[in-house]
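Convention: sequence-line order gives letters A, B, ...; per-chain numbering from 1.
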Number of protein chains: 2
Amino acid sequence: MTQPSRKEREYLRHRGEVLEAALMLFARQGFHGTSMQQIADAAEFSVGTLYKFFPHKEEIYKTLIEETADRFHAGLIAALETPGDEINKLQTAVETKIRIFLDNLDRVRIYFAETQGASLNVKTGLDAAIKNRYNDYLERLSAIFAAGIKKKIFHKQDPYLLALAFDSLSMTFLVEHMDHPGRHPFDAETILEIFLQGASFKK
Amino acid sequence: MTQPSRKEREYLRHRGEVLEAALMLFARQGFHGTSMQQIADAAEFSVGTLYKFFPHKEEIYKTLIEETADRFHAGLIAALETPGDEINKLQTAVETKIRIFLDNLDRVRIYFAETQGASLNVKTGLDAAIKNRYNDYLERLSAIFAAGIKKKIFHKQDPYLLALAFDSLSMTFLVEHMDHPGRHPFDAETILEIFLQGASFKK
DNA sequence: TTAGTTTATGAATATGTATTCATATTGTCA
DNA sequence: TGACAATATGAATACATATTCATAAACTAA
C-alpha cells in the first residue's frame with residue numbers, strides 16, 4: 001500500500017486528538033456523564049466535526065476500549081513469552097502489568113467501568129471482544145502454571161484458579177495504588193512474595 | 001414507638017416490591033438502561049405511583065446500593081468476630097463471604113457496577129458511603145493480620161495489603177463462579193489454601 | 001348508598017442531549 | 001485574485017425518558 005497523503009495523515013491526527021480528549025472525559029465522568037459538546041470543546045472542534053470521525057458517540061467509546069484491550073493484551077502476552085522458568089515469566093508479567101497500568105491510568109479507568117460495571121457491554125457486544133482477549137491471556141497464564149505444577153514448582157491446584165489468583169492480586173494492589181498513591185507501598189517483589197509464599201508460615 | 005398501621009405496613013410492602021423489581025432490572029440492564037416505565041411495569045404499578053415511594057429514580061438505585069452495603073458489611077463484620085485464632089477468623093470470613101455473595105447475586109451485580117464502574121458515584125456521593133463501610137471491614141481484617149503477624153502465624157508484610165489480597169482472592173473466585181458456574185470449582189478451603197500456603201513450594 | 005377523602009393512573013410536559021444539515025469558512029488552483 | 005470544491009460549524013431537529021398533575025378509581029364512614 002502507498003503512503004498516506006498529507007490530508008490523510010492530518011485526518012488521522014485529528015481523529016487521535018478527539019480520542020484523547022474523549023478518553024480524559026470518559027475516565028473522569030463516565031460515558032453517560034460526558035456529552036458530545038464537552039468532547040468537542042476539549043478537542044477544539046465543533047460537534048458536527050466529531051461526526052466526520054465517528055458515526056456516533058458509542059463508537060468513540062468503543063474505539064477507546066478496543067484500543068485499550070489490544071494494547072494491554074499485546075503487552076501482557078509478550079511478557080509471558082519471556083525466556084526462563086515459570087517464576088521468571090511471572091516476575092516479568094507482574095512488572096509489565098504494573099508498568100502498563102501506571103502508564104495508562106485513564107484507559108484503566110474506562111476499561112474497568114466497561115468490564116466491571118454495566119455501562120454499555122450488553123448493548124454493544126463490546127463485552128465479548130474484551131473478554132476474549134482477557135481469556136486468551138488467562139489461558140496462557142494457566143499453561144504456565146500447568147507447566148510449573150508438572151515440574152513440582154507449584155502446588156497442585158487448578159491452574160486456571162492460580163492464574164486468576166495471580167492476576168487479580170496485582171490488579172487489586174494497583175487499584176489500591178490508584179485510589180491512594182503511596183499509602184501502602186508495594187512493588188513487583190511484594191506481589192510475587194505474597195503470591196508464591198502465601199501469608200502463613202508452614203505448619 | 002407504636003405498631004405501624006395496616007396502611008403503613010402495606011405502604012412498606014409495596015415499596016419493597018418496587019425495590020425488588022428495580023433490583024432485577026438494574027442488575028440486568030444497569031441504571032441508564034432501565035426506565036421508570038419498566039420498573040413500574042415489573043412492579044405492577046403506574047409510573048406515577050413510583051413517585052409515592054421515591055422522589056426520583058436515583059433514589060431507588062441509591063436505596064438498593066445502601067441496603068446492599070449495609071447487609072454485606074454487617075455480615076462480614078460479624079464473621080470477623082468469630083472466636084478462635086486468626087486462621088479461624090479468616091475461615092469464617094471466607095465462608096460468610098461466599099454465602100452472602102451467592103445469596104445476593106443481583107445485589108452483587110449492582111454493587112459492582114457502582115463501585116468499579118463510574119455509574120453514578122460521582123454525582124450522588126454514594127461512593128463515599130459505600131467506601132467507608134468497605135474500609136471499615138478492611139481495617140478490621142488488617143487488625144487480624146497484624147495480630148497474626150505478631151504471633152508469628154503470618155509472614156511479615158503490610159497487614160493492609162494482606163487484607164486486600166485475602167479479600168480480593170475470594171472476590172475474584174466468586175466473580176469467576178458467577179460468570180461460569182461450575183467451570184472451575186472451588187470452596188472456602190481452596191481459597192484459604194492458596195492464600196495461606198501460596199502457589200509455590202518453599203525453596 | 002353516597003358524599004367526601006385518599007390514592008392511583010398515565011397522558012401530557014419538561015428537559016437534556018445526540019445527531020443532522022443548511023450555511024459559513026477555508027483551501028485549492030488557474 | 002477569484003471561482004469552485006472541500007471542509008467545518010453550531011443552531012435547529014429529533015428523540016428518549018424522567019417527572020408532573022389533572023382526572024379517575026378506590027376507599028371510608030355516616
Output the rounded distance in Å from [atom1] ([X]) to [atom2] ([N]).
{"X": "A:Tyr51", "N": "D:dA8", "atom1": "OH", "atom2": "P", "result": "16 Å"}
{"X": "A:Lys57", "N": "C:dT20", "atom1": "NZ", "atom2": "C1'", "result": "17 Å"}
{"X": "A:Leu25", "N": "C:dT17", "atom1": "CG", "atom2": "P", "result": "13 Å"}
{"X": "A:Gln29", "N": "C:dT17", "atom1": "CD", "atom2": "P", "result": "11 Å"}
{"X": "A:Phe53", "N": "C:dT19", "atom1": "CZ", "atom2": "P", "result": "16 Å"}
{"X": "B:Leu50", "N": "C:dA8", "atom1": "CG", "atom2": "C1'", "result": "11 Å"}
{"X": "B:Glu58", "N": "D:dT19", "atom1": "CD", "atom2": "C1'", "result": "13 Å"}
{"X": "A:Lys52", "N": "C:dT20", "atom1": "NZ", "atom2": "P", "result": "11 Å"}

Picking from [options], which would you name as closest to the side chain of [X]?
{"X": "A:Ser35", "options": "C:dT7, C:dA18, D:dA6", "answer": "C:dA18"}
{"X": "B:Met36", "options": "D:dT19, C:dT7, C:dT20", "answer": "D:dT19"}
{"X": "B:Phe45", "options": "C:dT19, C:dT9, D:dA18", "answer": "C:dT9"}

Say you draw a straight line from CG of A:Leu174 to CE of A:Met171; how long is it, rounded to the nearest 0.5 Å? 7.5 Å

Could you tell me which residues satisfy side-chain contact (heavy atoms from CB on, under 4.5 Å) with B:Glu20, sequence neighbours excluded, listed by chain and number? none

Check whether any side-chain heavy atom of B:Arg13 sits under 4.5 Å from a side-chain heavy atom of B:Glu17, and report yes or no.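 B:Arg13 vs B:Glu17: side chains touch.
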
Are B:Phe145 and B:Ile153 packed together at the side-chain level, in the sense that at least one heavy-atom pair is separated by less than 4.5 angstrom?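 Side chain of B:Phe145 against side chain of B:Ile153, heavy atoms only: no contact under 4.5 Å found.
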
Nearest-nucleotide 5' precedence on DNA chain C, A:Val47 against B:Val47: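 First, find each residue's nearest nucleotide; the 5'-ward one identifies B:Val47.
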
More 5' along DNA chain C: B:Ser46 or A:Gln37, using each one's nearest nucleotide? B:Ser46

When all nucleic acid strands are considered with a 4.0 Å heavy-atom cut-off, which category describes B:Thr49: base, sugar-phosphate, or nothing? base

Hey, does the side chain of B:Asp167 reach the backbone of B:Ala163 with a donor-acceptor pair shorter than 3.5 angstrom? no

